[in-house]
Amino acid sequence: MKRPAQRMLYEQVAPKLYHTCRRYLRHPHEVEDVLAETCFIILTKIGQLKEVQAFEGWAKRIAVHECLAYLKKKTSFAVHMDEDAVAHMPDDNTPIPMASADLMALVHQLPDGCKAVFNLYVIEGYTHREIAELLGISEGTSKSQLSFSRKKLQEMVQTFYDQSFQRHEQSR
């Protein structure tokens, strides 16, 4: 692939993949490093792509896998939770109206392991079995981390709304 074509491909795909990587990684320098590695893989393996229509999904999968590989090097995905506490955590999927940027900012505050499981399950649509295989954890750990993430996010959303309400009341 010629340099101008590589550049054009990079300019098309990098912004979308940046946001994908940002969902998994905390620091901009981590995102940049993983994005660079992802783009390198895409450019060197593009000949393996069978269907052009599948490019975006293929590229996104590479980005997710690279983020997970990066996280595996520095994160323990094991969550030590009381099994009884997990069993009694609500599985409330009731949507709460909130700006997606605000919600993603809250997701970003989750511990790395929880954030990865949450993103894989809720945003990417992986099953607990697939997540367990990707991260080298048990399905139970994946379920525990998702349950913990949801509970923590519910608490953070409530705090967010409480603070917003207080600011609104003070400005009146």
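Here the CZ atom belonging to R3 is positioned 13.0 Å from the OH atom belonging to Y10, to the nearest 0.5 angstrom. Rounding to the nearest 0.5 Å places CD of E66 at 13.5 Å from CZ of R61. The CZ atom of R129 sits 9.0 Å away from atom NZ of K143, with the distance rounded to the nearest 0.5 Å. Note that CD of Q6 is 12.0 Å distant from CD1 of I42, once rounded to the nearest 0.5 Å. In this structure, NE2 on H128 lies 11.0 Å from CD on Q145, to the nearest 0.5 angstrom. Once rounded to the nearest 0.5 Å, the distance linking CG of L71 with OH of Y24 reads 9.5 Å.
Put simply, the side chain of M156 does not reach to within 4.5 Å of the side chain of V107, judged on heavy atoms.
Scanning all heavy atoms of the two residues, the minimum distance from L68 to A116 falls at CD2-CB, 4.1 Å. Taking both residues in full, the closest heavy atoms of Y121 and Y126 are given as CD1-O, 3.4 Å, listed atom of the first, atom of the second, then distance. The shortest heavy-atom contact between E139 and A132 is N-CB, 3.7 Å. When all heavy atoms of I123 and M104 are compared, the pair lying nearest together is CD1-CE, 4.0 Å.
A donor-acceptor pair is defined here as one N or O able to donate and one able to accept, closer than 3.5 Å; such a pair exists between the side chain of T159 and the backbone of E155. Without hydrogens or angle criteria, R26 side chain to H108 main chain gives a donor-acceptor distance under 3.5 Å.
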Step by step, work out the side chain to side chain contact (heavy atoms under 4.5 Å, CB included) result for I41 and E37. CA-CA 6 Å; I41 292 168; E37 183 63 25; 3.9 Å; yes
Would K74 and E30 count as a side chain to side chain contact (heavy atoms under 4.5 Å, CB included) if you check the C-alpha gap in whole Å, the side-chain angles of each, and the deciding distance to 0.1 Å? CA-CA 12 Å; K74 66 177 210 99; E30 295 172 328; 3.3 Å; yes
So F55 and Q12, side chain to side chain contact (heavy atoms under 4.5 Å, CB included) or not? Walk me through it. CA-CA 11 Å; F55 175 76; Q12 264 188 326; over 6 Å; no
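When L35, T20, L120, V34 are each tested for a side chain to side chain contact (heavy atoms under 4.5 Å, CB included) with C67, only one passes: V34. When each of L135, D112, L110 is tested with V117 by the rule side chain to side chain contact (heavy atoms under 4.5 Å, CB included), just one qualifies, namely L135.
At a threshold of 4.5 Å between side-chain heavy atoms, the hydrophobic network of Ile, Leu, Val, Met, Phe, Trp and Tyr places I46 and L17 in one connected group. Under the 4.5 Å side-chain contact rule for hydrophobic residues, V31 and F40 do not share a cluster. When the side chains of ILVMFWY residues are joined at heavy-atom separations under 4.5 Å, either directly or via intervening members, M8 and W58 end up in two distinct hydrophobic clusters.
Taking 4.0 Å as the cut-off between side-chain N and carboxylate O, K60 and E56 do not count as a salt-bridged pair.
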